[in-house]
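Remarks on the structure that follows.
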Amino acid sequence: MSEEMNVQESQEAMDNLVSLKKGDIVTGTIVKLEDNQAFVSIGYKYDGVIPIRELSSVQLNNASEAVAVGQEVQVKVVSIDDEKERLVLSKRQIDSEKAWDVLQSRYDNGEVFEVTVADVVKGGLVVDVGVRGFIPASMVERHFVEDFSDYKGRTLRVKVKELDRENNKVILSAKEVLDEEYEQNKTRIMESLVVGQEIDGTVQRLTPFGAFVDIGGIDGLVHVSELSWQHVAHPKDVVAEGQSVRVKVLKVDPAAGKISLSIKAAQPGPWETAASQFSTGDIVTGTVRRLVSFGAFVEIAPGVEGLVHISQIAHRHIATPHEVLKEGQEVKAKILDFNPAEKRVSLSIKETEEAPEQAPKAEKPQRDRAPKQEELNNPNVSLSNQSMSFTLAERFGDKLSKLK
């Protein structure tokens, strides 16, 4: 009786086995994984195998990258060899056939969906979307990325940028999604910003003309002149990418989509601290920042400049400050007047130097003086009226007497 029941159960089991032919589409469960293949139970008299090349449309290093034990999958029969009990199946073909219709719908509707980076190749990223999808390097982020080596395995939100079923071409873009989200967020944040308010931000990137700071998902520009109270040659001398900073909103232009920020305005001004640093009469060291026709501006503290009038540069007369000073030169100066409320400092360089010694005065030339009495009695002096008269009478007297 028991033998008859076993035979009957075996017959029922055989009757319940699915019948297969090449090209059939069936549903099964992953029962075992090996490095280069996956085994699937589909109710046939033996399990089928999915070679690694038939698991995905992208290159895999291991079958576990595509499926897991216990996962239900839909597959297509590629070949059957009952003598060798070899049943080859393909998950890739089913995925591919379904993928094109799904991708076309996503493309038509501008749908955003998630993908996982399967590989990093020259020029971009490869993803599995049922077929091989490609994200060009220029369409990955809003900013330039030099090295994509750590993107493998990342999940990205993308849109279908280009679809060509005939040439099996699928181009995706993550940047387009980020751009749209950025603009939406930018509009929302700009509407909430108020000129004069202070907020925290993060330095995103540096340029020769300033630093772009993220203030909650959008960037504002801190011009190089607004980075510090002291002169800045290049933003990298003051801030670094990734640095947290406090900024003040200077201007919001929704029409142009621009936000002007200042780091220095969010810090105590130099004149606020200068009041406790300097007093009239102090001797200070400063740097010549600018030369003008009427004097020189000398920085005595970051952001604090004082004027040395041309008359206070040197003890001697000078026609122009360039005769004595040059920009960038370090000098000592005396504070003549200090008014932090009006942001004004008057300085003197010559007051810190000893005045040169006065040159001796030249003697005045002596005026002609009348001859002394002894000179008049001197027979050698013949320039007096008296002597001149005597000489003429003496020379012409005899001749006149002969003419008589």
Side-chain angles (χ1 to χ4, degrees), residues 195-196 198 203 206-213 220-240 243 245-251 258-356:
V195 173
E198 293 185 8
V203 178
L206 303 177
T207 67
F209 55 84
F212 285 93
V213 177
L221 174 65
V222 179
H223 190 267
V224 65
S225 62
E226 292 295 333
L227 286 169
S228 173
W229 287 107
Q230 61 189 43
H231 174 73
V232 177
H234 193 284
K236 66 182 179 182
D237 298 333
V238 182
V239 292
Q243 180 180 340
V245 292
R246 185 78 173 171
V247 295
K248 188 171 187 176
V249 179
L250 299 182
K251 184 179 179 182
K258 294 181 179 180
I259 303 170
S260 297
L261 306 170
S262 173
I263 291 177
K264 77 177 187 181
Q267 301 171 343
W271 289 95
E272 295 177 32
T273 56
S276 61
Q277 288 182 270
F278 306 108
S279 300
T280 299
D282 287 352
I283 303 297
V284 295
T285 300
T287 303
V288 178
R289 291 304 182 196
R290 290 176 292 142
L291 295 176
V292 291
S293 60
F294 54 85
F297 287 94
V298 175
E299 186 179 56
I300 60 174
V304 179
E305 288 186 359
L307 173 65
V308 182
H309 190 267
I310 190 169
S311 63
Q312 293 295 327
I313 292 177
H315 287 282
R316 64 183 176 85
H317 172 75
I318 58 173
T320 171
H322 293 82
E323 294 179 27
V324 180
L325 303 172
K326 61 181 179 180
E327 292 182 359
Q329 180 180 344
E330 188 174 275
V331 295
K332 284 190 178 298
K334 183 177 181 178
I335 298 178
L336 301 181
D337 182 49
F338 181 60
N339 191 333
E342 296 182 7
K343 298 181 179 179
R344 189 182 71 243
V345 182
S346 296
L347 303 170
S348 173
I349 293 175
K350 76 177 187 180
E351 288 290 322
T352 66
E353 302 170 347
E354 290 187 12

Item to check | For Glu305, the option from Lys343, Arg290, Arg344 that meets salt bridge (charged side-chain N to carboxylate O under 4.0 Å, His left out) | outcome: Arg290
Nearest 0.5 Å, what's the [atom1]-[atom2] distance between [X] and [Y]?
X: Leu347; Y: Ile300; atom1: CG; atom2: CD1; answer: 5.5 Å
X: Ser348; Y: Ile283; atom1: OG; atom2: CD1; answer: 8.5 Å
X: Lys334; Y: Thr280; atom1: NZ; atom2: OG1; answer: 10.0 Å
X: Glu198; Y: Ser262; atom1: CD; atom2: OG; answer: 9.5 Å
X: Ile335; Y: Ser346; atom1: CD1; atom2: OG; answer: 10.0 Å
X: Leu227; Y: Lys236; atom1: CG; atom2: NZ; answer: 13.5 Å

Shortest non-hydrogen contact from [X] toward [Y]:
X: Pro356; Y: His315; result: CD-CB, 3.8 Å
X: Val203; Y: Ala211; result: CG1-CB, 4.4 Å
X: Ser293; Y: Pro321; result: O-CD, 3.7 Å
X: Glu351; Y: Leu336; result: CG-CD2, 4.2 Å
X: Trp229; Y: Pro270; result: CD2-CD, 3.1 Å
X: Pro235; Y: Leu206; result: CB-CD2, 4.2 Å

Taking the side chain as everything from C-beta on, heavy atoms only, tell me whether [X] gets closer than 4.5 Å to [Y].
X: Ile259; Y: Leu221; value: no
X: Val331; Y: Val308; value: no
X: Val245; Y: Leu261; value: no
X: Leu291; Y: Glu327; value: yes
X: Ile310; Y: Glu323; value: no

Checklist entry - Short question: side chain of Lys264, backbone of Ser225 - any donor-acceptor pair under 3.5 Å? => result yes
Checklist entry - For the side chain of Glu226 and the backbone of His223, is there at least one donor-acceptor N/O pair under 3.5 Å apart? => result no
Item to check | Residues forming a salt bridge (Lys or Arg N to Asp or Glu O under 4.0 Å) with Glu330, sequence neighbours excluded | outcome: none
Checklist entry - Does Glu272 have any salt bridge (Lys or Arg N to Asp or Glu O under 4.0 Å) partners at least two apart in sequence or in another chain, and if so, which? => result none
Item to check | Val238 and Gln243: CA distance, side-chain angles, deciding distance, side chain to side chain contact (heavy atoms under 4.5 Å, CB included) verdict | outcome: CA-CA 10 Å; Val238 182; Gln243 180 180 340; over 6 Å; no
Next on the checklist: Which label fits Phe278 and Phe338: parallel for a plane angle under 30°, tilted from 30 to 60°, or perpendicular past 60°?
Outcome noted: perpendicular
Item to check | Partner set under side chain to side chain donor-acceptor pair (under 3.5 Å) for Ser311, not counting sequence neighbours | outcome: His309
